[in-house]
**Student:** 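Once you've had a glance at the structure underneath, I'll fire off some questions.
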Amino acid sequence: MCSLALFPPPPPPGDITLYEFNNALVCGRTSELPLPFQNQVAELPVPTLPRETLKAPGRLEPSARPAFIHHREALWKRCLSAWRDVGLCGLLAEVAAAEDEGPQWLNATSQFLLALCRWLSSLHGSFFPHLSLSTEDMIATFSQAVDWAGCTIRAFAWHPHTSKFAAALLDDSIRVYNSSSVTVPSLKHRLQRNVAAVAWKPLCASILAVACQSCVLLWHLDPTSLSTRPSSGCAQVLSYPGHSPVTSLAWAPGGQLLLSASPADTAMLVWDVSTESCVQLPWFGGGGVTYLSWSPDGSKVLAATPSAVFRVWEAQTWTCERWPTITGRCQTGCWSPDGSRLLFSVLGESVIYSLSFSEPRGEMQGQVGGSKTASVVADLSETTFETLYGEERIGGEIHSMAWDPTGERLAVIVRGQRDAPGSQTVVAVFRTRNSPVFELLPWYVRSLRVDTHVGFGVILGGFMPRSPGARWRRRCHPALPLWPFYPKTGCVLAVSSVTRLEALCSARPQTSSCHRK
Amino acid sequence: MEAAGAAPQRVLLRQVLGWRVAAAVAWSVLLLPVCTAAFVVLSGLDPFHPLRWISIVPSIPCSRLALIGKIFHPQQVIHSVVHAVMGMLVAWCAAVMTKGKFQFLAVPCMPSESLDDAVPQMCLNEYHLFFLLCGAFMGYSYSLLYLINNMNYLPFPIIQQYKYLRFRRSLPLLVKHSCVESLYFVRNFCATYYFFGYIPKMWISTTMDLHPDSKLHPLDTLTGLLDLSLFYHAWLCGVFLLITWYIAWSLFRIYATETHHFPIQPTFAEETDQCLPKILNSNPPLIIKFLALQDLMLLSQYSPIRRQEVFSLSQPGGHPHNWTAISRECLSLLSDLTQRLMAQQEAAAANGRAKQPAGELKVAPQTPGGVVTEDVSFQSQRSNILPRASMSSLVKSSVMHLKASPGSDVGSPFSSPALNCKTGMLDVNSPWHGSVQSPHLRRGGPKLWTLGSELQMNGSHHESFPMLSAARTGSKVVQPSFVYTWLQNKQEQIKNFLSKRALIMYFFSKHPEASIQAIFSDAQMHIWALEGLSHLVAASFTEDHFGVVQTALPAILNTLLTLQEVVDRHFKLPHVSSKPPRISGSLVDTSYKTLRFALRASLKTALYRITTVFGEHLNAVQVSAEHKKRLQQFLEYKE
């Protein structure tokens, strides 16, 4: 089993991870980048996002009511508007509040009914405590970002094929950065509030799904367009009653279907986005679905719930197997590229579990094929490193994970102890191998020093895809044909709230393919 | 004496009987066509093959008249009558089971005027009658809604689930829908009964010699209808009726759309006809074809073993028969759709006159806008021949020209050929098509869709072939006969005359959305063909050991890219919305309305699936320069 103590000591504070050389990541200041490397490091845009300009939206009051002079209307009118705005509970509350207007029996009845309603909802809330949270708290609890509310970048997604990424910002706008163009479209929409996740549609150049507070938005972004502010007409709204807030999205790797999940809805929805039709996949245990992850081979889907149980769906006939965990809910998970192994972590524990699945043979009608128990493969509990700059305490709960599409690197965000002053959020990168036997080797760890005045939000952006469409390789220098370093495999991207996107180049050492060309 | 008496009798007989026989013969001759018509109509029906009554492809009435015509179609009439009778039967059962005041049609009662010397007599129980009629009304309404909502259409689900799960998922919606529907039906029936209830009441009481019960309120009055218990029982009966029917209907849909596993290669000789390649290439009933294509999509996606069978070679001879058959059928389906779309586009751009021979110069009485669009049709036919890439630089100038002088003689058939080429170009592939053309086309008003009626063909794509070829050859044929021209002119005039009458327009005008839906009504087939083909091609990159797919790759890319071009152009037509309409989460499936968007998305995904897997290798594939450019766009993720 792999533990944090086996890792090489973290780099000195203030250093930036620059590139990979001889199977190790090299850190330093930006100016220290050797000249031959300057052409080779992936040409990532470095968005600087000063937090001060990103004002949180000033739409705290959802209605325009405070702008108008208060006018008391007749009871039936108020009831009508309460029914329209809030629903049955609003109607009851309105009638119960009007003690002197309506008949006495009506007043008493509605008071009784209101009490019954509240009692029932509190009963429901005692079964599933997360349901009593407010919408924003719920998103912050279940989001994959550490301290979602304080993050400048709240959600992040690489395009699966080409060199662009989308980042959802604090002010509910989304920016799309593209390596081949200088225009940075900024997406805004009336319904785009409290973005918890973004996801690009696979096998498509232009469709971006956004999980919002009340719906799923689908942006159609013309890749050749030069517009910096696409109109809200480019967005398709997918909403379903009772399905909000949406906290997780997953596209089928084939691109036909989109899954969306909400912690407040026991059913996850399968969308056929082109026709906007959806199928509910209800499963009442668990009280909701918080996190979704579709295996890269398209055969299985992980669905975590707010309770101490998670499910793995098989994506052909949509049957599921459920795994109860002992201590808490499943916080995050990721799939090996061939879909045969699931790594996941549980809230309140600092270990990575592994669950293996049998190889799909033929048409596995309605079988998930998981093994009986999960095994612990890594322990990331707190360890102290003695460095030149002092003692560093690293370790804690695992918050999010990402597995490289080639299956060679695994990045993990380890969240420090919430109350301990010295502990910090770190990113740990493992080298992995999935076949013939699963191996997890410690490789690199560094703390994500964040300015505590601003917050400690961190988000794991995942690995940059490696595909023919990604154009980073254009920068390959022909004068260095056999240079062992070639940053095309991908980057783990950790984003801290201090206004900077940081790229950890984690390239696989190999001979340059630009020589071959 | 006898003989003398016999002669006048015979005369009389001849006089009397002769007429009668003649009349009988005449009548029977007159009735013959009626009987024949009845026979023809009845023989057209096939009550013993209920599979024919359902359809995979929704039939979409393009105008209101067509809808009304469908309501009076004998098949629909029989459907309605059967449902009304069944509704009445169920209502009778419900009335008998409810007991109480609803149980019998005739009840003993006392005549009101003489209370003392009462002879019990039978009175009409109006509640029972109300119940029976309500059942019949509900049956009929259900049948009407069945027609209007296209409930005989079998939509295939987007994910494959077990039958029990699908049924369980549809149950709550089904119950809710039935409750609401029943409420509306009862309301409508009460209104109908209020106005026309006296007719069946009088009829029943006279034929069965029943007296009205004077102690009860007559039900066709407001106070009579305000009976809550009656209303509740009628509603409950309706809910029961609708739930039974909807459950049967949804169970049938679930069973009929279940996937079927077709073998690729026969294990025994007698199974040869049940193999997937054989079925795809023969012309089976539509549902079999749909199931076969669905199976193709599933196997190409999920089953490596069956994919291996598709790529395999035949044992003696070594021919890739399976792959050839499958790819040929998929490609012919797709090119069929391409042809159909092109025909529709020509018709729409030409204001329905694309089918006329190009040599015929005829100026119809129209607005200037109409003339412009008409001329575009002439050119759009010709522009198929023009090299398009070379013309693209001209497009902008022609746009400027059109904008500058919308009312000038740009569109006159006698203007310079160069200009005509430009307008033709504009029609074919300019991105400004919608913005520039739409004002002209819109000014043409309802004519845009009325005349294209023959094109709508209701989803039977087999008809499109001869028609299109007629359109193609028509441009080469010599002058048509004078009579034909004259008839065409007359038809045109009549249509023009009628189109000015509002009421007639109301019935005849085609709804643009409906006619577009009709073109894409069987697009599910094409979507599966696209998915199956693209998954197979993508899998062939690693799994095809003999290289059988490579030989078909240029043809596949060609077909897909041509279709992509045509579909793109379709969505640029002025009356085509680019976004799907909102679908309410109701029981009735309206997914056929959005099939065209699904087709567009899956076409793009299919192309990306191939380009992502093959990458730079596609540069070695032989395709035309224009398609190469398009492919490059896909390779760079710029589509």
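In what follows, chains carry the letters A, B, and so on, assigned in the order in which the sequence lines appear, proteins first and then strands, with residues in each chain numbered from 1. Keep in mind that what you see is a predicted model, and the values were worked out from it rather than measured.
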**Student:** How far apart are the closest heavy atoms of B/Ile158 and A/Val270, and which atoms are they?
**Tutor:**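 For B/Ile158 versus A/Val270, the nearest heavy atoms are CD1-O, 3.9 Å.
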**Student:** As an exercise, state the distance from CD of A/Gln280 to CG of B/Leu165, rounded to the nearest 0.5 Å.
**Tutor:**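 Atom-to-atom, A/Gln280:CD and B/Leu165:CG are 13.0 Å apart.
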**Student:** With a 4.5 angstrom heavy-atom cut-off, could you sort out which part of A/Ala267 is near chain B: side chain, backbone, both or neither?
**Tutor:**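 Neither part, no heavy atoms under 4.5 Å.
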**Student:** Minimum heavy-atom separation for B/Thr605 and A/Gly254, please, with both atom names.
**Tutor:**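 Where B/Thr605 meets A/Gly254 most closely, the heavy atoms are CG2-O, 3.4 Å.
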**Student:** Decide if atom OH of B/Tyr255 counts as having more than 12 heavy atoms of other residues, nucleotides or ligands within a radius under 6.0 Å.
**Tutor:**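 Counting other residues, nucleotides and ligands, OH of B/Tyr255 stays at 12 neighbours or fewer.
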**Student:** Counting C-beta onward and ignoring hydrogens, is there a side-chain heavy-atom pair between B/Gln301 and A/Gln316 closer than 4.5 Å?
**Tutor:**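 In short, these two side chains do not touch, never coming nearer than 4.5 Å.
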**Student:** Rounded to the nearest 0.5 Å, what's the gap from CG on A/Asp272 to CD1 on B/Ile527? Could you check?
**Tutor:**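 It comes to 8.0 Å.
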**Student:** Could you grab the distance from atom CD of B/Glu639 to atom CG of A/Asp222, nearest 0.5 Å is fine?
**Tutor:**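 Between atom CD of B/Glu639 and atom CG of A/Asp222 there are 9.0 Å.
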**Student:** How long is the gap from CD1 on B/Ile159 to CH2 on A/Trp271, to the nearest 0.5 Å?
**Tutor:**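 One gets 13.0 Å once the value is rounded to the nearest 0.5 Å.
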**Student:** Just so I know, are the side chains of A/Leu281 and B/Gln161 near enough to count as touching, which here means a heavy-atom distance under 4.5 Å?
**Tutor:**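 Side chain of A/Leu281 against side chain of B/Gln161, heavy atoms only: contact under 4.5 Å found.
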**Student:** So B/Thr612 and A/Leu203, do their side chains get closer than 4.5 Å, heavy atoms only?
**Tutor:**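 Side chain of A/Leu203 against side chain of B/Thr612, heavy atoms only: contact under 4.5 Å found.
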**Student:** Specify which of A/Ser206, A/Pro223, A/Cys204 makes the most heavy-atom pairs with chain B at under 4.5 Å.
**Tutor:**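 Heavy-atom pair counts peak at A/Pro223.
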**Student:** Which heavy-atom pair separates A/Thr319 from B/Tyr162 by the least distance, and what is that distance?
**Tutor:**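 Of all heavy-atom pairs spanning A/Thr319 and B/Tyr162, the closest is CG2-CE1, 3.2 Å.
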**Student:** Roughly how far, to the nearest 0.5 Å, is the CD atom of B/Glu636 from the NE2 atom of A/His161?
**Tutor:**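 The distance works out to 15.0 Å.
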**Student:** What part of A/Leu257 gets closer than 4.5 Å to chain B, counting heavy atoms only: side chain, backbone, both or neither?
**Tutor:**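 Just the side chain, heavy atoms under 4.5 Å.
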**Student:** Within a radius of less than 6.0 Å around NZ of B/Lys638, do more than 12 heavy atoms belonging to other residues, nucleotides or ligands occur?
**Tutor:**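 Not more than 12 within 6.0 Å, no.
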**Student:** Sorted by first residue and then second, give each salt bridge (charged side-chain N to carboxylate O under 4.0 Å, His left out) pair with at least one member in residues 156-175 of chain B; sequence neighbours left out.
**Tutor:**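 The answer is B/Lys163-B/Glu258.
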**Student:** Listed by chain and number, what are the ring pair (Phe, Tyr, Trp, His ring centres under 6.0 Å) partners of B/Tyr608, not counting sequence neighbours?
**Tutor:**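 So B/Tyr608 forms a ring pair (Phe, Tyr, Trp, His ring centres under 6.0 Å) with B/Phe634, B/Tyr637.
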**Student:** Can you name the nearest heavy-atom pair linking A/Ser274 to B/Ala601, along with the distance?
**Tutor:**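 Scanning both residues completely, I find the closest heavy atoms to be CB-CB, 3.6 Å.
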**Student:** Looking at A/Trp283, I want to see if its CH2 is surrounded by more than 12 non-hydrogen atoms of other residues, nucleotides or ligands under 6.0 Å.
**Tutor:**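 Open: at most 12 neighbouring heavy atoms sit under 6.0 Å from CH2 of A/Trp283.
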